[in-house]
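Some notes on the structure that comes next.
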Amino acid sequence: MASAFRPQQARIPPALAIPIPLLTKAIGNLFCFIYRFKIGLCQLAVTPDKERNIKHARKAIKEAAQKGAQLVVLPEIWNSPYSNDSFPVYAEDIDAGHDASPSTAMLAEVSGQLKITIVGGSIPERCGDKLYNTCCIFGTDGKLKAKHRKIHLFDIDIPGKLTFMESKTFTSGETPTIVDTDVGRIGIGICHDICFEELAMIYASRGAHLICYPGAFNMTSGPSHWELLQRSRAADNQLYVATCSPARDAGAGYIAWGHSTLVGPFGDVIATTEHDEDIIIAEIDYSILEQRRTRIPLAKQRRGDLYRLVDIRRLDAHCRL
Ligand SMILES: NC(=O)CC(=O)C(=O)O
(Lines give C-alpha, C1' and ligand atoms only; values in the text may rest on other atoms or scores of the structure.)
Protein backbone atom coordinates (compact mmCIF):
# COMPACT_ATOMS: atom_id res chain seq x y z
CA MET A 1 0.00 0.00 0.00
CA ALA A 2 2.70 2.52 0.97
CA SER A 3 4.92 3.98 -1.74
CA ALA A 4 8.63 4.65 -1.37
CA PHE A 5 7.95 8.35 -0.95
CA ARG A 6 9.08 9.98 2.30
CA PRO A 7 7.68 13.37 3.34
CA GLN A 8 10.98 14.72 4.65
CA GLN A 9 12.54 14.15 1.24
CA ALA A 10 9.75 16.07 -0.42
CA ARG A 11 11.04 19.32 1.03
CA ILE A 12 13.35 20.99 -1.45
CA PRO A 13 16.00 23.20 0.19
CA PRO A 14 15.09 26.89 -0.29
CA ALA A 15 18.14 27.39 -2.48
CA LEU A 16 16.62 25.03 -5.03
CA ALA A 17 13.13 26.39 -4.76
CA ILE A 18 13.21 28.08 -8.13
CA PRO A 19 10.61 26.89 -10.62
CA ILE A 20 13.10 25.33 -13.00
CA PRO A 21 10.98 22.61 -14.57
CA LEU A 22 13.73 20.15 -15.44
CA LEU A 23 15.52 20.45 -12.15
CA THR A 24 12.39 20.04 -10.06
CA LYS A 25 11.19 17.17 -12.20
CA ALA A 26 14.51 15.42 -11.78
CA ILE A 27 14.34 15.95 -8.03
CA GLY A 28 10.76 14.69 -7.92
CA ASN A 29 11.72 11.59 -9.87
CA LEU A 30 14.58 10.93 -7.49
CA PHE A 31 12.07 10.88 -4.67
CA CYS A 32 9.81 8.43 -6.49
CA PHE A 33 6.97 10.75 -7.34
CA ILE A 34 6.34 13.13 -10.17
CA TYR A 35 6.88 16.78 -9.35
CA ARG A 36 5.18 18.28 -12.36
CA PHE A 37 2.23 16.61 -14.05
CA LYS A 38 -1.19 17.08 -15.56
CA ILE A 39 -4.39 16.51 -13.61
CA GLY A 40 -7.69 15.63 -15.31
CA LEU A 41 -10.99 16.60 -13.69
CA CYS A 42 -13.87 14.72 -15.33
CA GLN A 43 -17.11 16.63 -14.79
CA LEU A 44 -19.50 13.85 -15.80
CA ALA A 45 -23.20 13.78 -16.63
CA VAL A 46 -24.75 11.19 -14.30
CA THR A 47 -27.90 9.27 -15.28
CA PRO A 48 -30.12 6.64 -13.59
CA ASP A 49 -28.43 4.00 -15.81
CA LYS A 50 -25.53 2.68 -13.75
CA GLU A 51 -24.02 0.60 -16.53
CA ARG A 52 -24.00 3.64 -18.80
CA ASN A 53 -22.43 5.77 -16.01
CA ILE A 54 -19.60 3.27 -15.64
CA LYS A 55 -18.95 3.09 -19.40
CA HIS A 56 -19.13 6.85 -19.65
CA ALA A 57 -16.68 7.38 -16.77
CA ARG A 58 -14.28 4.86 -18.35
CA LYS A 59 -14.39 6.80 -21.63
CA ALA A 60 -13.76 10.13 -19.89
CA ILE A 61 -10.83 8.74 -17.88
CA LYS A 62 -9.26 7.40 -21.10
CA GLU A 63 -9.74 10.75 -22.81
CA ALA A 64 -8.14 12.59 -19.88
CA ALA A 65 -5.18 10.17 -19.94
CA GLN A 66 -4.80 10.57 -23.71
CA LYS A 67 -4.57 14.32 -23.10
CA GLY A 68 -1.69 13.69 -20.71
CA ALA A 69 -3.37 13.47 -17.29
CA GLN A 70 -1.40 11.35 -14.85
CA LEU A 71 -3.94 11.94 -12.10
CA VAL A 72 -7.66 11.76 -12.88
CA VAL A 73 -10.39 12.83 -10.46
CA LEU A 74 -14.09 11.89 -10.75
CA PRO A 75 -17.16 13.54 -9.16
CA GLU A 76 -18.99 12.74 -5.93
CA ILE A 77 -21.61 9.98 -6.54
CA TRP A 78 -20.90 9.43 -10.23
CA ASN A 79 -22.52 6.00 -10.66
CA SER A 80 -25.92 6.89 -9.17
CA PRO A 81 -28.38 9.78 -8.96
CA TYR A 82 -27.71 11.87 -5.85
CA SER A 83 -30.75 10.91 -3.76
CA ASN A 84 -31.46 9.01 -0.59
CA ASP A 85 -33.79 6.71 -2.55
CA SER A 86 -31.04 5.80 -5.01
CA PHE A 87 -28.07 5.32 -2.64
CA PRO A 88 -29.15 1.88 -1.30
CA VAL A 89 -30.10 0.67 -4.79
CA TYR A 90 -26.79 1.66 -6.43
CA ALA A 91 -24.54 0.77 -3.48
CA GLU A 92 -21.68 -1.70 -4.02
CA ASP A 93 -19.74 -3.86 -1.60
CA ILE A 94 -16.26 -2.60 -2.47
CA ASP A 95 -14.43 -5.00 -0.17
CA ALA A 96 -16.21 -8.06 -1.61
CA GLY A 97 -14.23 -7.94 -4.85
CA HIS A 98 -14.74 -6.91 -8.43
CA ASP A 99 -17.95 -8.88 -9.05
CA ALA A 100 -19.67 -7.07 -6.20
CA SER A 101 -18.37 -3.66 -7.28
CA PRO A 102 -18.43 -3.05 -11.04
CA SER A 103 -17.69 0.66 -10.53
CA THR A 104 -14.44 0.16 -8.65
CA ALA A 105 -13.54 -2.84 -10.85
CA MET A 106 -13.57 -0.45 -13.80
CA LEU A 107 -11.38 2.07 -11.92
CA ALA A 108 -8.88 -0.66 -10.98
CA GLU A 109 -8.73 -1.87 -14.58
CA VAL A 110 -8.19 1.52 -16.23
CA SER A 111 -5.74 2.86 -13.67
CA GLY A 112 -3.54 -0.23 -14.18
CA GLN A 113 -3.99 -0.27 -17.94
CA LEU A 114 -3.23 3.45 -18.39
CA LYS A 115 -0.71 3.58 -15.52
CA ILE A 116 -2.36 6.60 -13.97
CA THR A 117 -3.50 7.48 -10.46
CA ILE A 118 -7.28 7.79 -10.02
CA VAL A 119 -9.12 9.56 -7.23
CA GLY A 120 -12.35 7.78 -8.00
CA GLY A 121 -14.93 10.38 -7.02
CA SER A 122 -17.38 8.62 -4.75
CA ILE A 123 -20.00 5.90 -4.93
CA PRO A 124 -22.47 4.57 -2.37
CA GLU A 125 -20.66 1.76 -0.53
CA ARG A 126 -22.42 -1.10 1.26
CA CYS A 127 -20.56 -2.62 4.19
CA GLY A 128 -22.64 -5.03 6.28
CA ASP A 129 -25.87 -3.22 7.09
CA LYS A 130 -24.30 0.23 6.65
CA LEU A 131 -23.95 2.54 3.66
CA TYR A 132 -21.12 5.03 3.20
CA ASN A 133 -20.33 7.75 0.65
CA THR A 134 -16.91 6.42 -0.36
CA CYS A 135 -13.97 7.54 -2.49
CA CYS A 136 -11.48 4.91 -3.71
CA ILE A 137 -7.96 5.86 -4.73
CA PHE A 138 -6.17 3.63 -7.23
CA GLY A 139 -2.45 3.61 -7.98
CA THR A 140 -0.70 3.25 -11.32
CA ASP A 141 -0.52 -0.51 -10.73
CA GLY A 142 -4.33 -0.74 -10.62
CA LYS A 143 -4.33 -1.51 -6.90
CA LEU A 144 -6.64 0.13 -4.38
CA LYS A 145 -4.39 2.39 -2.29
CA ALA A 146 -6.96 3.88 0.07
CA LYS A 147 -10.65 4.35 0.71
CA HIS A 148 -12.13 7.54 2.17
CA ARG A 149 -15.62 7.46 3.67
CA LYS A 150 -17.20 10.92 3.79
CA ILE A 151 -16.66 12.15 7.33
CA HIS A 152 -19.06 15.10 7.42
CA LEU A 153 -22.45 14.11 6.06
CA PHE A 154 -24.46 16.70 4.17
CA ASP A 155 -27.41 17.40 6.45
CA ILE A 156 -28.82 20.85 5.80
CA ASP A 157 -32.16 22.58 6.04
CA ILE A 158 -32.49 25.93 4.30
CA PRO A 159 -36.24 26.68 4.35
CA GLY A 160 -37.68 27.35 0.91
CA LYS A 161 -34.43 26.36 -0.80
CA LEU A 162 -32.95 22.99 0.05
CA THR A 163 -33.35 20.30 2.63
CA PHE A 164 -31.12 17.25 2.32
CA MET A 165 -30.27 14.67 4.97
CA GLU A 166 -27.50 12.33 3.84
CA SER A 167 -27.58 10.77 7.30
CA LYS A 168 -30.98 9.24 6.43
CA THR A 169 -29.07 6.62 4.47
CA PHE A 170 -25.32 7.11 4.98
CA THR A 171 -23.18 6.51 8.03
CA SER A 172 -20.28 8.92 8.43
CA GLY A 173 -16.69 7.80 7.99
CA GLU A 174 -14.37 7.87 10.97
CA THR A 175 -10.96 8.39 9.43
CA PRO A 176 -9.22 11.21 7.58
CA THR A 177 -7.42 9.83 4.53
CA ILE A 178 -4.03 10.85 3.19
CA VAL A 179 -2.29 8.73 0.63
CA ASP A 180 1.12 8.56 -1.05
CA THR A 181 0.85 8.20 -4.80
CA ASP A 182 3.10 8.52 -7.84
CA VAL A 183 1.83 12.11 -8.09
CA GLY A 184 2.59 13.14 -4.53
CA ARG A 185 0.90 13.00 -1.17
CA ILE A 186 -2.84 13.54 -1.48
CA GLY A 187 -5.42 14.30 1.23
CA ILE A 188 -9.00 13.28 0.45
CA GLY A 189 -12.31 14.88 1.39
CA ILE A 190 -15.77 14.45 -0.10
CA CYS A 191 -17.87 17.54 -0.75
CA HIS A 192 -19.18 18.75 2.65
CA ASP A 193 -15.79 17.69 4.13
CA ILE A 194 -14.40 20.85 2.46
CA CYS A 195 -16.31 23.02 4.95
CA PHE A 196 -14.10 21.82 7.82
CA GLU A 197 -10.75 23.55 7.73
CA GLU A 198 -9.35 21.35 10.50
CA LEU A 199 -9.33 18.38 8.13
CA ALA A 200 -7.35 20.33 5.52
CA MET A 201 -4.96 21.59 8.21
CA ILE A 202 -4.30 18.05 9.42
CA TYR A 203 -3.52 17.01 5.84
CA ALA A 204 -1.20 19.99 5.39
CA SER A 205 0.56 19.25 8.66
CA ARG A 206 1.12 15.70 7.41
CA GLY A 207 2.82 16.90 4.25
CA ALA A 208 -0.01 16.83 1.67
CA HIS A 209 0.81 18.50 -1.63
CA LEU A 210 -2.75 18.37 -2.89
CA ILE A 211 -6.23 17.86 -1.45
CA CYS A 212 -8.84 16.33 -3.74
CA TYR A 213 -12.50 16.94 -2.99
CA PRO A 214 -14.94 15.12 -5.26
CA GLY A 215 -18.08 17.17 -4.58
CA ALA A 216 -21.62 17.95 -5.64
CA PHE A 217 -22.45 21.39 -4.36
CA ASN A 218 -25.91 22.56 -5.41
CA MET A 219 -27.65 25.65 -6.77
CA THR A 220 -27.92 27.16 -3.27
CA SER A 221 -24.48 26.46 -1.78
CA GLY A 222 -22.58 26.50 -5.09
CA PRO A 223 -22.77 30.17 -6.04
CA SER A 224 -21.92 31.42 -2.55
CA HIS A 225 -19.44 28.87 -1.24
CA TRP A 226 -17.93 26.42 -3.73
CA GLU A 227 -15.06 28.57 -5.02
CA LEU A 228 -14.62 30.43 -1.75
CA LEU A 229 -14.06 27.22 0.22
CA GLN A 230 -11.62 25.76 -2.30
CA ARG A 231 -9.55 28.92 -2.41
CA SER A 232 -9.61 29.21 1.38
CA ARG A 233 -8.42 25.63 1.95
CA ALA A 234 -5.64 26.15 -0.64
CA ALA A 235 -4.45 29.57 0.57
CA ASP A 236 -4.61 28.74 4.29
CA ASN A 237 -2.63 25.56 3.80
CA GLN A 238 -0.40 26.60 0.90
CA LEU A 239 -1.19 23.58 -1.20
CA TYR A 240 -3.17 22.60 -4.32
CA VAL A 241 -6.89 21.89 -4.10
CA ALA A 242 -8.78 20.01 -6.83
CA THR A 243 -12.55 19.59 -6.93
CA CYS A 244 -14.70 17.54 -9.30
CA SER A 245 -18.48 17.82 -9.59
CA PRO A 246 -21.11 16.03 -11.64
CA ALA A 247 -22.37 18.08 -14.60
CA ARG A 248 -25.62 19.93 -14.00
CA ASP A 249 -28.90 18.18 -14.83
CA ALA A 250 -31.67 20.76 -14.48
CA GLY A 251 -34.25 17.92 -14.38
CA ALA A 252 -32.66 16.05 -11.47
CA GLY A 253 -34.05 16.04 -7.93
CA TYR A 254 -30.72 17.42 -6.69
CA ILE A 255 -29.17 19.88 -9.12
CA ALA A 256 -25.38 20.01 -9.03
CA TRP A 257 -23.56 23.33 -9.37
CA GLY A 258 -20.76 21.98 -11.55
CA HIS A 259 -17.70 24.27 -11.78
CA SER A 260 -14.99 21.66 -11.13
CA THR A 261 -11.81 23.56 -10.38
CA LEU A 262 -8.08 23.41 -9.72
CA VAL A 263 -6.77 25.98 -7.22
CA GLY A 264 -3.08 26.67 -6.63
CA PRO A 265 -1.27 27.33 -3.36
CA PHE A 266 -1.72 31.09 -3.71
CA GLY A 267 -5.50 30.56 -3.62
CA ASP A 268 -5.46 31.22 -7.36
CA VAL A 269 -7.96 29.52 -9.68
CA ILE A 270 -5.73 27.74 -12.22
CA ALA A 271 -8.49 26.08 -14.23
CA THR A 272 -12.25 25.84 -13.95
CA THR A 273 -15.33 25.19 -16.03
CA GLU A 274 -19.05 25.98 -16.17
CA HIS A 275 -21.79 23.45 -15.42
CA ASP A 276 -21.85 21.27 -18.57
CA GLU A 277 -19.92 18.06 -19.06
CA ASP A 278 -16.24 18.79 -19.45
CA ILE A 279 -12.77 17.40 -18.89
CA ILE A 280 -10.38 19.91 -17.39
CA ILE A 281 -6.71 19.25 -18.00
CA ALA A 282 -4.37 21.46 -15.98
CA GLU A 283 -0.79 21.42 -14.80
CA ILE A 284 0.34 20.97 -11.22
CA ASP A 285 3.89 21.97 -10.29
CA TYR A 286 4.90 21.19 -6.72
CA SER A 287 7.93 23.49 -6.83
CA ILE A 288 5.41 26.34 -6.44
CA LEU A 289 4.53 24.97 -3.00
CA GLU A 290 8.07 25.45 -1.80
CA GLN A 291 8.21 28.92 -3.30
CA ARG A 292 5.01 29.93 -1.54
CA ARG A 293 6.03 28.36 1.77
CA THR A 294 9.49 29.96 1.65
CA ARG A 295 8.24 33.42 0.82
CA ILE A 296 5.39 33.38 3.33
CA PRO A 297 6.51 30.91 6.01
CA LEU A 298 3.19 30.37 7.77
CA ALA A 299 4.35 27.07 9.28
CA LYS A 300 7.22 28.83 11.09
CA GLN A 301 5.05 31.78 12.12
CA ARG A 302 2.29 29.67 13.62
CA ARG A 303 1.95 30.34 17.39
CA GLY A 304 1.92 26.83 18.84
CA ASP A 305 2.30 28.43 22.27
CA LEU A 306 -1.14 30.07 21.90
CA TYR A 307 -3.18 27.56 19.89
CA ARG A 308 -2.70 24.08 18.46
CA LEU A 309 -4.46 21.62 16.22
CA VAL A 310 -4.71 18.21 17.86
CA ASP A 311 -4.45 15.28 15.49
CA ILE A 312 -6.65 12.82 17.42
CA ARG A 313 -6.14 9.97 14.97
CA ARG A 314 -2.71 9.58 13.47
CA LEU A 315 -2.95 9.63 9.71
CA ASP A 316 -0.48 6.91 9.08
CA ALA A 317 -2.73 4.31 7.50
CA HIS A 318 -1.76 4.94 3.89
CA CYS A 319 1.54 6.80 4.08
CA ARG A 320 4.88 6.46 5.76
CA LEU A 321 5.47 9.20 8.34
N1 LIG B 1 -22.95 16.84 -1.37
C2 LIG B 1 -22.60 17.74 -0.46
O3 LIG B 1 -21.96 17.40 0.51
C4 LIG B 1 -23.04 19.15 -0.77
C5 LIG B 1 -22.50 20.26 0.08
O6 LIG B 1 -21.64 20.09 0.93
C7 LIG B 1 -23.00 21.60 -0.18
O8 LIG B 1 -22.71 22.50 0.64
O9 LIG B 1 -23.69 21.79 -1.19
Side-chain angles (χ1 to χ4, degrees), residues 41-48 53 57 73-91 103 119-125 130-136 147-177 187-200 203 211-234 236 241-250 252-261 263 272-275:
L41 309 174
C42 299
Q43 183 164 294
L44 302 173
V46 177
T47 72
N53 293 337
V73 186
L74 298 188
E76 181 183 27
I77 306 290
W78 59 268
N79 72 349
S80 151
Y82 189 84
S83 83
N84 276 312
D85 289 343
S86 302
F87 298 148
V89 179
Y90 289 73
S103 303
V119 172
S122 78
I123 63 166
E125 177 195 8
K130 292 192 171 139
L131 295 180
Y132 298 94
N133 185 341
T134 301
C135 174
C136 293
K147 227 170 52 167
H148 177 78
R149 292 171 168 164
K150 188 173 187 174
I151 296 175
H152 306 93
L153 295 182
F154 183 53
D155 285 356
I156 61 149
D157 184 16
I158 307 175
K161 293 210 161 167
L162 182 70
T163 300
F164 200 96
M165 296 289 155
E166 266 192 332
S167 61
K168 258 187 175 177
T169 48
F170 285 136
T171 300
S172 50
E174 294 297 324
T175 326
T177 306
I188 306 289
I190 300 175
C191 205
H192 202 48
D193 284 339
I194 200 173
C195 298
F196 301 87
E197 65 264 40
E198 296 88 342
L199 185 63
Y203 290 155
I211 306 179
C212 290
Y213 294 101
F217 268 45
N218 54 75
M219 302 300 284
T220 303
S221 58
S224 56
H225 280 92
W226 178 239
E227 185 182 309
L228 175 68
L229 289 168
Q230 298 172 52
R231 296 183 66 191
S232 307
R233 298 297 83 90
D236 284 352
V241 164
T243 59
C244 189
S245 166
R248 189 177 305 164
D249 172 1
Y254 180 95
I255 305 176
W257 173 238
H259 293 84
S260 304
T261 301
V263 179
T272 190
T273 187
E274 289 290 329
H275 55 261

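Order of appearance sets the numbers: ligands from 1, and atoms from 1 within every ligand.
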Starting from atom 6 (O) of ligand 1, locate the nearest protein heavy atom and write down its residue, its atom name and how far away it is, to 0.1 Å. H192 ND1, 3.1 Å
Can you tell me how far apart NE2 (H259) and CH2 (W226) are? Round to the nearest 0.5 Å. 10.5 Å
Check ion pair E125-R149 (N to O, under 4.0 angstrom): yes
Closest to atom 9 (O) of ligand 1 by heavy-atom distance, out of S221, S245, G222, is S221
Under a 3.5 Å cutoff, is there a donor and acceptor pairing between the side chains of N84 and E166? no
Nearest heavy atom to atom 5 (C) of ligand 1, choosing from Y82, Y254, F164, F154, belongs to F154
One thing to verify: whether R248 and E274 come together as a salt bridge, which I'm taking to mean a side-chain N less than 4.0 angstrom from a carboxylate O. no
E76 neighbourhood, listing ligand 1 atoms whose heavy-atom distance to it stays under 4.0 Å: 1 (N), 2 (C)
Mind telling me whether Y82 and F87 have parallel, tilted or perpendicular rings, with 30° and 60° as the class edges? perpendicular
H225 contact mode with ligand 1 (heavy-atom cut-off under 4.0 Å): neither
Decide whether D193 and Y213 meet the rule of one side-chain donor and one side-chain acceptor closer than 3.5 Å. no
Tell me which protein heavy atom sits closest to atom 4 (C) of ligand 1, plus the residue, atom name and distance to 0.1 Å. C191 SG, 3.1 Å
If you scan protein heavy atoms around atom 3 (O) of ligand 1, the nearest is K150 NZ, 2.8 Å
N/O separation below 3.5 Å, E166 to ligand 1: no
